Number of protein chains: 2
Amino acid sequence: MQKFYATIKITLRKGILDVQGKAVEHALHSLEYQMISNVRIGKFVELVIDADSREIAFTKAEEACKKLIANPIIEDFEITIKD
Amino acid sequence: MQKFYATIKITLRKGILDVQGKAVEHALHSLEYQMISNVRIGKFVELVIDADSREIAFTKAEEACKKLIANPIIEDFEITIKD
């Protein structure tokens with residue numbers, strides 16, 4: 001049994017309106033940051049998985065994302081596993 | 001003037017209690033994912049910056065993080081700039 005460190009980037013799918021991103025973008029523009037555009041806000045999750053192999057750790061992370069951490073209907077996720 | 005694509009990982013500083021992460025961890029444990037621990041939830045921000053150089057783009061992203069996107073008192077941020 002080994003500890004694996006997983007990081008997960010969760011982003012809203014293309015075509016899904018990012019209301020929070022739009023709000024941040026408007027706020028940046030009113031702070032004179034007009035050079036910033038296309039703000040999209042997602043989640044960044046870090047977790048530790050006890051598993052016998054990197055493959056098992058990845059599978060567990062993927063299942064956890066699909067079942068609970070991400071909403072696969074509107075979000076994409078990308079998992080990275082480190083030892 | 002060129003477009004630079006910035007991604008920003010925002011994480012809660014060590015020592016700051018991550019209530020959302022704890023809630024997700026407990027939920028995972030009740031779904032039989034006891035092998036998952038140390039869940040920390042941050043933000044993942046993507047944006048586009050119009051700038052003359054990568055250095056200027058980085059500086060603008062850093063300013064935006066300090067002023068608006070992150071809360072430097074309780075959060076760390078890591079900026080990556082791509083062309």
Side-chain angles (χ1 to χ4, degrees), chain A residues 1-12 14 18 20-53 56-70 75-81, chain B residues 1-12 14 18 20-53 56-70 75-81:
Chain A
M1 210 66 136
Q2 201 186 331
K3 282 193 189 300
F4 292 92
Y5 297 84
T7 59
I8 304 159
K9 292 177 194 169
I10 300 170
T11 50
L12 268 183
K14 273 184 194 162
D18 185 343
Q20 199 188 353
K22 281 282 168 228
V24 168
E25 189 171 324
H26 288 146
L28 285 169
H29 290 180
S30 67
L31 287 172
E32 308 299 326
Y33 289 91
Q34 284 88 354
M35 77 293 287
I36 296 179
S37 60
N38 293 71
V39 181
R40 308 275 293 172
I41 298 183
K43 277 178 280 184
F44 183 70
V45 180
E46 297 164 290
L47 43 84
V48 177
I49 307 168
D50 284 312
D52 289 323
S53 73
I56 294 172
F58 186 89
T59 305
K60 289 296 175 192
E62 197 176 26
E63 286 174 18
C65 281
K66 285 184 183 163
K67 286 190 187 165
L68 187 87
I69 301 173
E75 292 171 329
D76 289 316
F77 57 85
E78 189 189 316
I79 300 165
T80 309
I81 307 274
Chain B
M1 210 65 138
Q2 200 187 333
K3 283 193 189 303
F4 292 91
Y5 296 84
T7 59
I8 304 158
K9 291 176 195 171
I10 300 171
T11 49
L12 269 183
K14 274 180 193 164
D18 184 344
Q20 198 188 354
K22 281 281 168 229
V24 167
E25 190 171 324
H26 287 148
L28 285 169
H29 290 179
S30 66
L31 287 172
E32 308 297 328
Y33 288 90
Q34 282 90 352
M35 75 294 287
I36 296 180
S37 62
N38 291 72
V39 181
R40 307 276 293 172
I41 298 184
K43 277 178 279 183
F44 182 71
V45 180
E46 297 164 289
L47 43 83
V48 177
I49 307 168
D50 285 312
D52 288 324
S53 74
I56 294 172
F58 186 89
T59 306
K60 290 295 175 191
E62 198 176 26
E63 286 174 18
C65 280
K66 285 183 183 163
K67 287 189 186 166
L68 187 86
I69 300 172
E75 292 171 329
D76 289 317
F77 57 86
E78 187 189 317
I79 300 166
T80 308
I81 307 274

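So that the names make sense, note that chain A is the first sequence line, chain B the second, and so on, each numbered from 1. What you see is a predicted model; the values in this text were computed from it and never measured.
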Report task. Could you go through the side-chain contact (heavy atoms from CB on, under 4.5 Å) check for I69(A) and L28(B) one step at a time? Result -> CA-CA 9 Å; I69(A) 301 173; L28(B) 285 169; 4.3 Å; yes
Report task. Count the heavy-atom pairs under 4.5 Å between each of G21(A), A27(A), G42(A) and chain B, then report the option with the highest count. Result -> G42(A)
Report summary line: Honestly, the part of I49(A) sitting under 4.5 Å from a heavy atom of chain B is both
Query raised in the report: Can you find a pair of side-chain heavy atoms, one from L47(A) and one from N38(B), that are under 4.5 Å apart?
Result: no
Query raised in the report: Shortest non-hydrogen contact from V24(A) to L68(B)?
Result: O-CD2, 3.8 Å
Report summary line: Cut-off 4.5 Å, heavy atoms of chain B, and the answer for L31(A) is side chain
Query raised in the report: By a 4.5 Å heavy-atom criterion (distance strictly below it), what part of T7(B) contacts chain A: side chain, backbone, both, or neither?
Result: neither
Report task. Look at Q20(A), K3(A), E63(A), Q34(A) and state which one has the largest set of heavy-atom pairs under 4.5 Å with chain B. Result -> E63(A)
Query raised in the report: Of the non-hydrogen atoms in K43(A) and I41(B), which two are nearest, and what is the gap between them?
Result: CD-CG2, 4.4 Å
Report task. Answer with side chain, backbone, both or neither: which region of A64(B) has an atom nearer than 4.5 Å to a non-hydrogen atom of chain A? Result -> both
Report task. Provide the closest heavy-atom pair for I36(A) versus K60(B) in the form atom of the first, atom of the second, distance. Result -> CD1-O, 4.4 Å
Query raised in the report: If you tally heavy-atom pairs under 4.5 Å against chain A, which of M1(B), K9(B), E25(B) wins?
Result: K9(B)
